[in-house]
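Everything below concerns the one structure shown next.
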Amino acid sequence: MSAEFNPQMIQVTGGATGFIPAPENKGKPITVIGTKAIRQTFDEKCLEQAMNSRGAPGVTDLVLNPDAHCGYGAPVGCVLVSPTHIYPGPVGVDIKCSMSLLQMDLPADAVVDRGVRRALINAILERTPTGAGRGQRSARKARKVSTVNGEKVLIEGASPVVCAALGIPQEWASRCEDAFHVGHDDTKDALGNRLAYLIAEGKIPNFEEKVIQLGSYGGGNHFGECEVVELVDNQRARRAAEVFGMKDNCVAFLSHCGSRGMGHRLASGQFRTLQEKFERWGIALPGQDKELVYAPLGTAEANDYLDDMAMGANFATVNHLLINALVLEAFQEVIPGVKGQLVYFISHNIARRERVNGEEAWVHRKGATRAFPAGHYSLIDTPYYETGHPILLPGNPQDGSVVMVADSGAEKSCYSVNHGAGRCKGRKAAIRELDQEKVDAGLAKHDILTNCRVYPKDEAPAAYKDFGEVLRSVEEAGLASPVAKLKARFVIKDAELGLRGAA
DNA sequence: ATGTCC
């Protein structure tokens with residue numbers, strides 16, 4: 001298999017766009033987004049996964065984004081569309097891993113002082129811990145979490161009752177890609193029934209401990225980052241920023257996290273169940289990849305998966321909104337009177353039912369971000385119909401992150417863009433090859449503070465692709481345009497990761 | 001991603 005999958009298989013059509021013919025030339029080709037430099041970053045395993053995913057049962061469209069790299073069954077950084085099947089692998093173990101951005105009514109000058117930034121880091125960490133398990137949040141600061149009914153969170157998502165219990169401003173629900181998710185039959189009763197079954201059967205052990213994780217970041221590539229907003233200087237970007245509620249040269253807070261132990265448990269339970277069934281029934285898997293299990297829509301297996309995915313997604317939604325509420329509280333403790341407003345909350349690990357090619361289909365975005373441009377039917381009755389919705393893309397602390405808005409060209413990528421820079425080095429390779437002093441010096445040079453004594457090498461900017469080249473790909477392909485740049489002032493990560501890598 | 005296989 002070695003020489004079979006390589007970037008030369010991509011046929012370039014220009015404008016950072018190309019295609020790979022589907023396996024045996026059956027059906028639509030894989031759409032590939034990326035400049036020449038980006039196409040060279042797609043390794044064998046990533047391309048093999050893309051081909052397996054494209055040839056999988058019921059799959060009609062596959063898009064490979066510029067940040068694509070090897071993932072679980074399907075590449076991280078791809079879009080998989082099926083009108084007939086649901087695929088748990090291309091949603092992933094961190095159901096509804098997402099980005100959110102909180103805009104502060106606070107000029108950039110307010111976070112120049114390093115003492116103020118240190119105080120903010122500490123106030124934020126007290127409320128929204130990082131790392132495995134429940135983290136180190138103090139009991140006093142965790143009080144809001146212990147008052148919420150965990151079952152309601154899974155069943156209702158960011159409902160008025162749940163938001164009120166957690167001190168989340170109700171208007172933030174309108175700044176979500178989806179504020180809640182319903183079950184396979186479009187009711188929340190389906191979720192209530194499914195959850196009662198899971199709990200009765202002991203399928204979600206330590207349920208309350210998982211609920212307490214609400215308002216925490218977790219580890220890996222998750223982070224919280226204080227930013228200074230630099231609006232792009234053109235009329236369209238200015239208009240979009242106005243609708244998004246973004247303020248030039250002001251402070252904002254960018255968060256990346258997902259559904260924590262709850263989503264992990266729901267997802268891994270589904271993988272186990274489906275893999276056992278495929279084995280028992282002797283059904284061949286696409287490319288013999290057991291991570292590409294699937295369920296035909298309408299079966300009990302698909303219904304159970306859709307219900308579990310919805311509950312994991314509801315947990316992630318409330319987790320993100322609570323983090324934003326707690327981060328705002330932390331800012332207010334350090335800088336009394338400061339105001340904050342959610343700009344947007346948008347996922348990059350979720351399957352959504354959308355219209356593609358004129359029919360309803362499940363659009364699986366695995367490390368990919370929805371990108372509906374102005375006038376898209378789905379944005380009617382939202383604040384974003386005239387502009388398109390905000391697209392939140394983390395790059396890296398040194399080179400910055402970006403807020404974009406979709407262009408009409410996004411149709412060719414099933415209305416999707418990348419979800420970040422994408423890894424170019426595996427974690428082990430990054431820990432082995434990168435120099436700790438250089439990693440820390442890079443952040444220091446940009447005057448970016450962090451809670452980590454040493455920054456995790458496997459999360460260093462050098463472990464990721466060139467973000468500028470990734471964004472060039474998106475713009476040249478006509479998928480989206482920049483609205484604002486986000487310049488990091490401090491970054492909060494799982495500090496234990498760094499200590500591990502420093503050994 | 002995940003107390004990294006309840």
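All of these numbers come straight from a predicted model, not from anything done at the bench. Residue numbers start from 1 in every chain, and the chains themselves are labelled A, B, ... in the order their sequence lines are given, proteins ahead of strands.
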(request) Could you check how far NZ of Lys210(A) sits from C1' of dC6(B), rounded to whole Å? (result) 10 Å

(message) Students often get this wrong, so: under 4.0 angstrom with heavy atoms, is Gly263(A) touching a base, only sugar-phosphate, or nothing?
(response) nothing

(request) Nearest-nucleotide wise, let me know which of Gly218(A) and Pro205(A) is further upstream toward the 5' end of DNA chain B. (result) Gly218(A)

(request) In plain terms, say whether Asp308(A) and Arg194(A) are close enough for a salt bridge, that is, a side-chain N and a carboxylate O under 4.0 Å apart. (result) yes

(message) Assess whether a salt bridge exists between Arg353(A) and Asp186(A), defined as any Lys/Arg side-chain N lying under 4.0 Å from an Asp/Glu carboxylate O.
(response) yes

(message) Between Glu201(A) and Lys203(A), does any NZ, NE, NH1 or NH2 come within less than 4.0 Å of an OD or OE carboxylate oxygen?
(response) no

(message) What is the distance, to the nearest angstrom, from the CZ atom on Arg500(A) to the P atom on dT2(B)?
(response) 13 Å

(request) Decide whether Asp307(A) and His184(A) meet the rule of one side-chain donor and one side-chain acceptor closer than 3.5 Å. (result) yes

(request) Would you kindly give the NZ-to-P distance between Lys428(A) and dT4(B), to the nearest whole Å? (result) 16 Å

(message) Whole angstroms only, please: what is the CE-P distance between Met262(A) and dC6(B)?
(response) 15 Å

(message) Ring centres under 6.0 Å, that's the criterion: do Phe278(A) and Tyr294(A) meet it?
(response) yes

(message) Can you identify which nucleotide, out of dC6(B), dT2(B), dG3(B), has its nearest atom closest to the Glu209(A) side chain?
(response) dG3(B)

(request) Indicate, with a heavy-atom threshold strictly under 4.0 Å, whether Gly258(A) touches base, sugar-phosphate, or nothing. (result) nothing

(message) In this structure, how many angstroms lie between the C1' atom of dC5(B) and the NZ atom of Lys290(A), rounded?
(response) 12 Å

(request) May I ask you to say what Gly92(A) touches in the nucleic acid, namely base, sugar-phosphate or nothing, with a heavy-atom cut-off under 4.0 Å? (result) nothing

(request) Write down the distance between CZ (Phe271(A)) and P (dT4(B)), rounded to a whole number of angstrom. (result) 17 Å

(request) Report yes if at least one side-chain N or O of Arg265(A) is closer than 4.0 Å to OP1 or OP2 of dG3(B); otherwise report no. (result) no

(message) I need the CG-P distance between Asp494(A) and dT4(B), as an integer number of Å.
(response) 14 Å

(request) Hey, which sits more toward the 5' end of DNA chain B by its nearest nucleotide, Ser268(A) or Arg427(A)? (result) Arg427(A)

(message) Whole angstroms only, please: what is the NE2-P distance between His222(A) and dG3(B)?
(response) 11 Å

